[in-house]
There are 2 protein chains.
Amino acid sequence: MSSNYKDKKVITIGVISELTGLSERKIRYYEERKLIFPERSSGGTRKYSFGDVERLIDIADKMEDGMQTFEIRRMEQKKMKNSELRDKMLRGQLNAAFNLRK
Amino acid sequence: MSSNYKDKKVITIGVISELTGLSERKIRYYEERKLIFPERSSGGTRKYSFGDVERLIDIADKMEDGMQTFEIRRMEQKKMKNSELRDKMLRGQLNAAFNLRK
DNA sequence: CGTGTAAGGAATTCTGACACG
DNA sequence: CGTGTAAGGAATTCTGACACG
């Protein structure tokens, strides 16, 4: 709740590189492949969040396992769809339960 | 617990300035007056935490109330001593209670 | 005391490209 | 496809100083 530090985009790429152990080249490339979405300062400098650090470490693990960027992207989307599906089913059940009571 | 994002020093002064609304000049000055303690990158760039953002906003409030930097510093120290004192008393009471039982 | 500013330099980041495989 | 690197430029930050009050 309240101020969510984890998702505030405030960290520059140099620090992200240190935090993740990934080269700046890799980090920029994963953005090009739509795996990560930094914000930009008015001057054009990329800004990342702690959540991005976690995501990058996850990406790095999958790359090490021989996965390709498009597969990782597809996997993320599938996860999204699954959670949307879960939400939808949950809402449906709640509605059903609610309708029984009235 | 675990990873404490709040106290990781990863944010550069430009972002801190945006987040707090304070000029970079002020932020550097408060460091000179020992009110704030950024880390440094290998190249000498200052790095702050979200906790520092909170502290700076607190400092700014006190400055607006006409307080001077040395007074703010003294107040922080007093707070430290008070909490140390509380800790000490608490430990004392716990020890006393514990000693009664054996 | 607290803060703005101009100055010059150094560190940081950016993009597009070439290279290798 | 994924990543390193050299290149040139732009944005960011740093320090020490002068100014005002």
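Hydrogens, waters and symmetry mates play no part in the numbers below; they use all other heavy atoms, side chains included. Quick note on labels: first sequence line is chain A, next is B, and so on, each numbered from 1. Just so we're clear, the structure is a prediction, and the values are computed from it rather than from any experiment.
Scanning for side chain to side chain contact (heavy atoms under 4.5 Å, CB included) contacts around B:Met75 gives B:Lys62, B:Met67, with sequence neighbours left out. For the side chain to side chain contact (heavy atoms under 4.5 Å, CB included) test, residues two or more places apart in sequence or in another chain that qualify with B:Glu39 are B:Lys9.
Contact check for A:Ile36 versus A:Arg55: side-chain heavy atoms found under the 4.5 Å cut-off. Side-chain atoms of A:Ser49 and A:Ile11, non-hydrogen and from C-beta on, never get closer than 4.5 Å to each other.
Side-chain N/O atoms of B:Thr12 include none lying less than 4.0 angstrom from OP1 or OP2 on D:dT12.
The nearest whole Å value for the distance from the CD1 atom in B:Ile11 to the P atom in D:dT12 is 16 Å. Spacing between atom CZ of B:Arg40 and atom P of C:dT12 amounts to 12 Å, rounded to whole angstrom units. When rounded to the nearest whole Å, the span between CD of A:Glu31 and P of C:dT15 equals 8 Å. Atom CD of B:Glu18 and atom P of D:dT13 are 9 Å apart (whole Å). Remark: P of C:dT12 and CD1 of B:Ile13 are 15 Å apart, rounded to the nearest angstrom.
In this structure, B:Ile16 and B:Leu56 approach most closely via the heavy-atom pair CG2-CD1, 3.6 Å. Closest heavy-atom contact between B:Gly51 and B:Asp7: CA-OD1, 4.3 Å. Heavy atoms only, all atoms of each residue included: A:Ile72 and A:Ile59 are closest at CD1-O, 4.0 Å.
B:Thr20 places no side-chain N or O within donor-acceptor distance of the main-chain N or O of B:Val53, the cut-off being under 3.5 Å. Within the 3.5 Å criterion, the main-chain N or O of B:Gln68 finds a donor-acceptor partner in the side chain of B:Glu71.
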**Request:** Represent DNA chain D in dot-bracket notation, 5' to 3'. Only Watson-Crick or G-U wobble pairs with both distances under 3.5 Å count; pseudoknot-style crossings use [ ] and interstrand partners use |.
**Result:** .||||.||.|.|.||.||||.

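For the salt bridge (Lys or Arg N to Asp or Glu O under 4.0 Å) with B:Glu31, the qualifying choice from B:Lys26, B:Arg46, B:Lys47 is B:Arg46, the only one to do so.
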Close N or O pairs between protein and nucleotides 2-8 of chain C (under 3.5 Å):
{"from": "C:dG2", "atom 1": "OP1", "to": "B:Thr69", "atom 2": "N", "distance (Å)": "2.7"}
{"from": "C:dG2", "atom 1": "OP1", "to": "B:Thr69", "atom 2": "OG1", "distance (Å)": "3.2"}
{"from": "C:dG2", "atom 1": "OP2", "to": "B:Tyr29", "atom 2": "OH", "distance (Å)": "2.5"}
{"from": "C:dG2", "atom 1": "OP2", "to": "B:Arg33", "atom 2": "NH1", "distance (Å)": "2.7"}
{"from": "C:dG2", "atom 1": "OP2", "to": "B:Thr69", "atom 2": "OG1", "distance (Å)": "2.9"}
{"from": "C:dT3", "atom 1": "OP1", "to": "B:Tyr30", "atom 2": "OH", "distance (Å)": "3.4"}
{"from": "C:dT3", "atom 1": "OP2", "to": "B:Tyr30", "atom 2": "OH", "distance (Å)": "2.9"}
{"from": "C:dT3", "atom 1": "O4", "to": "B:Arg25", "atom 2": "NH2", "distance (Å)": "3.0"}
{"from": "C:dG4", "atom 1": "OP2", "to": "B:Ser23", "atom 2": "OG", "distance (Å)": "2.7"}
{"from": "C:dG4", "atom 1": "N7", "to": "B:Arg25", "atom 2": "NE", "distance (Å)": "3.1"}
{"from": "C:dG4", "atom 1": "O6", "to": "B:Arg25", "atom 2": "NH2", "distance (Å)": "3.1"}
{"from": "C:dT5", "atom 1": "O4", "to": "B:Arg25", "atom 2": "NE", "distance (Å)": "3.3"}

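Annotation: proximity of residues 42-53 of chain B to DNA chain D (heavy atom, distance under 4.0 Å) is found for B:Gly44, B:Thr45, B:Arg46, numbered in ascending order.
Pairs engaging residues 18-73 of chain B under the ring pair (Phe, Tyr, Trp, His ring centres under 6.0 Å) rule: A:Tyr5-B:Phe50 [sequence neighbours left out].
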